[in-house]
2 protein chains.
Amino acid sequence: MVCLCDDAPGQPEEQGRGAVTPSDQTALMAIGEAMDVRPGTKLFRQGDAATHIYMVESGVVRISHDLLDGKRQVLAFRWGGDVFGMAAGGRYLNNADALDKGRIQRFQAERLQELLLSRPHMQNRFLLQATAEISLQQHRIILMAKYDVVTKVVAFLLECCGNGQCFDPATQILKLPMSRPDIADYMGVATESVSRALGVLERRKIIHRHDMHHLAIDLPRLRDCARL
Amino acid sequence: MVCLCDDAPGQPEEQGRGAVTPSDQTALMAIGEAMDVRPGTKLFRQGDAATHIYMVESGVVRISHDLLDGKRQVLAFRWGGDVFGMAAGGRYLNNADALDKGRIQRFQAERLQELLLSRPHMQNRFLLQATAEISLQQHRIILMAKYDVVTKVVAFLLECCGNGQCFDPATQILKLPMSRPDIADYMGVATESVSRALGVLERRKIIHRHDMHHLAIDLPRLRDCARL
DNA sequence: CGAACAGTTGAAGACGATCAATCTGAGTGG
DNA sequence: CCACTCAGATTGATCGTCTTCAACTGTTCG
């Protein structure tokens, strides 16, 4: 949920993702390198040297962390416009895998660093996005700590519906590019619990499972059963 | 867990908290305003206009969020050197309360913003600290999602022991300024569960409750029962 | 056509929350 | 100095939710 930057502060954002002025845009593109990915493409592993910062142009990327005992936590899904791969200690702490066909832009960390130092307003955008990311994570901590499985799944679905990428408001169809274990590991519950939660929501006529990766969603009803 | 900044990049840090060069230090002090606080002092409430950024000089500050149903999540404890109160949307999302007698420095958001824009390296320090904060929160998410109550309490104790503020390595005594409900709401468990977990650790001779706010800690044994 | 795998559903068990009772310690007034 | 009080902490017993294990279904791919 991090987006890029613009030169002049205080100018209104046209889209939700934030406007990018030509000069910033071109400066970024000048140091960027595009990659086409397909489902399963590994962008980086935890422990790798953190050489690049990534940005999703299209597709979905899963950020996950493997634990010593073999368990896995999915920390985020990154959609179009999102930035990932910012590591503080010189090494990536997490894995990044493409879930979908898509296009990723990546920037050498040192060169991006230089660019940010030479463009304070652009760096400020990054800083603002980082603080926004912190707030989002705090939301997630609250969700994990205080709510039951059904509510977690509802929150997850709402988050997905917020993405034009995978939710079509006209047809009310949500396309989920990730597997049930991905969802389960994202919400910190068992795969079976996700299934059961979806079952509950379907019985309540809030969703309808067209197939495993396509849900029809009654968005208003989904929203008011969140109570967040 | 955010600290301040220095002018020249790449220079080694003297303390863990990061060195601050005189010019940055003085520039910050010029726009700063010191406040003395006592236990219970409210720095800000969720929903307040986010006018200031805060930094702890001494003492401990609790960052918490109240939910609609009356439950509360403690999101962080801020110790000496930590920064808090960075809000993306113009309003604080959380509450900040002093737990201890101490001294807080605060900066008007707009003036700090100006200062950061005029000092790219200083802003870069903030950005780095923000990404470090994101990593810490990811750790917290994993902790909340995957581990049992005892492990959570162990992780909490280790976090506290990392602070020279409250842990004396010589005497092995940890001084906890927060109450049991604070700890419970921080780890997302019930108060009773914290008590029981401390009981377990005491029976295992890993800690000894001198009184409610003072624990004798066998740090090596505590460390290897973490398994994180 | 059959194997392998993802997803779903069912039954049993474990862990932690909740409720209630007891204990501890600090502050107060006799 | 000691009993009293009150809040916070601890302990015990019960209950509910979610995990785990296992069986079953449906889909995809050789």
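Within every chain, numbering begins at 1; the chains are lettered A, B, ... in the order of the sequence lines, protein sequences first and strands thereafter. Because the structure is predicted, anything quoted here is derived from the model rather than measured.
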Fill in the blank from the handout: Whole-Å distance, B:Asp211 CG to C:dT24 P, equals 14 Å

Exercise for the section: Keeping to residues at least two apart or across chains, list the salt bridge (Lys or Arg N to Asp or Glu O under 4.0 Å) pairs with something in residues 195-204 of chain A. Expected result: A:Glu202-A:Arg209

Handout entry: d(CG, B:Leu198; C1', D:dT11) in whole Å
Key = 13 Å

Practice task
Would you mind reading off the distance between A:Arg180 atom CZ and C:dT9 atom C1', rounded to a whole angstrom?
Solution key: 14 Å

Exercise for the section: Please examine the side chains of B:Phe84 and B:Val56, heavy atoms only from C-beta on, and report whether any two atoms are closer than 4.5 Å. Expected result: yes

Practice task
Whole angstrom is fine here: how far is it from CD1 in A:Ile183 over to P in C:dG7?
Solution key: 8 Å

Practice task
Nearest-nucleotide wise, let me know which of B:Gly199 and A:Tyr147 is further upstream toward the 5' end of DNA chain D.
Solution key: B:Gly199

Problem - B/S/- contact track for nucleotides 19-30 of chain D, protein heavy atom under 4.0 Å - result: BBB---------

Exercise for the section: For the helix from C:dC1-D:dG30 to C:dG30-D:dC1, figure out the bend between the end axes, five pairs an end, and round to 10 degrees. Expected result: 30°

Problem - B:Arg209 vs D:dT10: side-chain N/O to OP1/OP2 distance below 4.0 Å - result: yes

Handout entry: Nearest heavy atoms of A:Ala34 and A:Arg103, plus distance in Å
Key = CB-NH1, 3.1 Å

Fill in the blank from the handout: All heavy atoms of B:Val149 vs all of B:Ala197, minimum pair found to be CG1-CB, 4.1 Å

Exercise for the section: Examine B:Arg91 relative to B:Phe44 and say whether NZ or CZ is less than 6.0 Å from the centre of the six-membered ring and inside a 45° cone about the ring axis. Expected result: no

Completion exercise
Looking only at heavy atoms, the pair that brings A:Lys152 and A:Met187 closest together is O-CE, 3.1 Å

Handout entry: Check: A:Met35 and A:Tyr54 side chains under 4.5 Å, non-hydrogen atoms
Key = yes

Exercise for the section: Let me know the distance between NE2 of B:His213 and C1' of C:dT24, rounded to the nearest Å. Expected result: 12 Å

Handout entry: Side chain proximity check, A:Phe77 to A:Cys160, heavy atoms < 4.5 angstrom
Key = no

Handout entry: For atom CG of B:Asp185 and atom P of D:dA9, their distance in whole Å
Key = 12 Å

Exercise for the section: Classify the nucleic acid contact of A:Asp148 as base, sugar-phosphate or nothing, counting any heavy atom under 4.0 Å across all strands shown. Expected result: sugar-phosphate

Practice task
Decide if atom NE2 of A:His210 counts as having more than 12 heavy atoms of other residues, nucleotides or ligands within a radius under 6.0 Å.
Solution key: no

Problem - Interatomic distance where CG belongs to B:Leu176 and P belongs to D:dT10 [whole Å] - result: 11 Å

Problem - Length of the CZ-P vector between B:Arg203 and D:dT10, whole Å - result: 12 Å

